[in-house]
J.: 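Sharing a structure, written as structure tokens. Questions coming.
Letters A, B, ... are given to chains in the order of the sequence lines, protein chains preceding strands, and every chain is numbered from 1. What you are looking at is a predicted structure, and each value in this text was computed from that prediction instead of being measured.
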Protein chains: 2
Amino acid sequence: MKLTTKSEYTLLALLYMARQEKDKFVKIEDICASCDIPKKYLELLFLALRQNRYIKTRRGTKGGYMLARPAGQITLAEILRLMDGALAPTESVSTYFYSDTPISREEKVLSVFKEIRDYISQRLESLTLADLV
Amino acid sequence: MKLTTKSEYTLLALLYMARQEKDKFVKIEDICASCDIPKKYLELLFLALRQNRYIKTRRGTKGGYMLARPAGQITLAEILRLMDGALAPTESVSTYFYSDTPISREEKVLSVFKEIRDYISQRLESLTLADLV
DNA sequence: AATCTTGTCTATAGATATGATAGACAAATG
DNA sequence: CATTTGTCTATCATATCTATAGACAAGATT
């Protein structure tokens, strides 16, 4: 688990959108100005958000971005996973990891890391954008 | 928080030492062979451990490394912090961070991250090497 | 004393990840 | 058809991570 500016920028931008009136497209320019994010970089992040159906867009004058689903249906966990990968503190306890390495024989170590992983997941899955506005 | 091989290697090595009979110096060679860690790399990690008084050493034949304190007095938290830095999920909620950035105005986001940070710290501070052997 | 063994320390190299930018292209609007 | 705004791929600079090299220091053995 390493949350980078990708997650931070994305969260800021999504919360900005969540605060807009319903069905209003907001320009990336506005978000960048308000949240102090480099425009070209946020475009890249939005590309991923759009391809994963978290936001929808329209081009041209009057174009922009808006949430594709109600804020209450977008969890923090899915956003952070999309932007910065698995929430587990180490690869060795990431859900789809398996290999017979020395650390995989340290059962007690692994179980602590798994406990932490589960706590983080549950906490972040229980929160939606609506909870954070 | 990003746990890398530094933390994993270090933990493996410390646990190996914790399992030895008391007052026995163990050669880095042995640890590397047993835990599958590159020797030169582990030397580097041990340097930090030694400078921070977690292990003590002796050179020459019959030399090697051993824990400088009882395993029950070395917490997981201090080792992981030493090797991979702050346990907070993001810089923005790391203890000595302050700056007036957009994220610092998102109180609810920050408080979730702080909650996670506190959970991780408490969990890891409550565990010592002795608990993991 | 000479030599072997093992740890100390600084420098550096290669690979990967992160943060950011450039620019050609596509579609909506007036 | 010109302007505006989003789409997408490529690329770059910097930082971080993993690992190695090599000169040096000190304890052990003979």
J.: Starting at CD1 of B:Ile37 and ending at P of D:dT18, how long is that distance when rounded to a whole Å?
T.: 12 Å
J.: Just checking B:Tyr9: base, sugar-phosphate only, or nothing, at a heavy-atom cut-off of under 4.0 Å?
T.: sugar-phosphate
J.: Rounded to the nearest 0.5 Å, how far does CG of A:Leu110 lie from CD1 of A:Ile103?
T.: 6.0 Å
J.: CZ of B:Phe25 versus C1' of D:dA28: gap in Å, rounded?
T.: 14 Å
J.: Figure out the CG/P separation between A:Leu42 and C:dT21, and round it to whole Å.
T.: 12 Å
J.: By nearest nucleotide on DNA chain C, pick out whichever of A:Thr4 and A:Gly60 is the more 5' one.
T.: A:Thr4
J.: Quick one: B:Lys6 NZ to D:dA19 C1', roughly how many Å, whole number?
T.: 11 Å
J.: Would you call A:Glu8 and A:Leu3 a side-chain contact if the rule is heavy atoms closer than 4.5 Å?
T.: no
J.: B:Lys62 has a side chain; which of C:dT21, D:dT29, D:dA19 sits nearest to it?
T.: D:dT29
J.: Does C:dG19 have OP1 or OP2 under 4.0 Å away from a side-chain N or O of A:Thr5?
T.: yes
J.: Mind listing the residues from residues 79-90 of chain A sitting with a heavy atom below 4.0 Å of DNA chain D? Number order is fine.
T.: none
J.: Within a strict 4.5 Å, meaning less than it, do heavy atoms of the A:Met66 and A:Lys24 side chains meet?
T.: no
J.: What integer distance in Å separates B:Leu45:CG from D:dT20:C1'?
T.: 13 Å
J.: Between atom CG in A:Leu49 and atom P in D:dG6, what is the gap in whole Å?
T.: 14 Å
J.: In plain terms, say whether B:Arg19 and A:Glu106 are close enough for a salt bridge, that is, a side-chain N and a carboxylate O under 4.0 Å apart.
T.: yes
J.: For nucleotides 7-11 of chain D, tabulate all protein N/O to nucleotide N/O atom pairs closer than 3.5 Å, reporting atom names and distance.
T.:
residue: D:dT7; atom: OP1; partner: A:Arg50; partner atom: NE; Å: 2.8
residue: D:dT7; atom: OP1; partner: A:Thr57; partner atom: OG1; Å: 2.8
residue: D:dT7; atom: OP2; partner: A:Tyr65; partner atom: OH; Å: 3.0
residue: D:dC8; atom: OP2; partner: A:Arg50; partner atom: NH1; Å: 3.1
residue: D:dC8; atom: OP2; partner: A:Gln51; partner atom: NE2; Å: 3.4

J.: For B:Ile28 and D:dA26, what is the distance between atoms CD1 and P respectively, to the nearest whole Å?
T.: 19 Å
J.: So what does B:Lys27 touch, heavy atoms closer than 4.0 Å: a base, only the sugar-phosphate, or nothing?
T.: sugar-phosphate
J.: If I take atom NZ from residue A:Lys27 and atom NZ from residue A:Lys62, how far apart are they, to the nearest 0.5 angstrom?
T.: 9.0 Å
J.: Name the atoms and distances for all side-chain donor-acceptor pairs under 3.5 Å in residues 124-133 of chain A, with sequence neighbours left out.
T.:
residue: A:Glu125; atom: OE2; partner: A:Arg81; partner atom: NH1; Å: 3.0
residue: A:Glu125; atom: OE2; partner: A:Arg81; partner atom: NH2; Å: 3.1
residue: A:Ser126; atom: OG; partner: A:Arg123; partner atom: O; Å: 2.9
residue: A:Ser126; atom: OG; partner: A:Arg123; partner atom: NH1; Å: 3.3
residue: A:Thr128; atom: OG1; partner: A:Ala130; partner atom: N; Å: 3.3
residue: A:Thr128; atom: OG1; partner: A:Asp131; partner atom: OD2; Å: 3.3
residue: A:Asp131; atom: OD2; partner: A:Thr128; partner atom: N; Å: 2.8

J.: With no hydrogens and no angle check, is any side-chain donor or acceptor of B:Ser104 less than 3.5 Å from a backbone partner on B:Asp100?
T.: no
J.: How long is the line joining CD1 of B:Ile31 and C1' of C:dG7, in whole Å?
T.: 12 Å
J.: A:Pro102 and B:Asp36: which non-hydrogen atoms are nearest, and at how many Å?
T.: CG-CB, 3.9 Å
J.: To the closest 0.5 Å, what do you measure between CG (B:Leu47) and CG (B:Leu42)?
T.: 11.0 Å
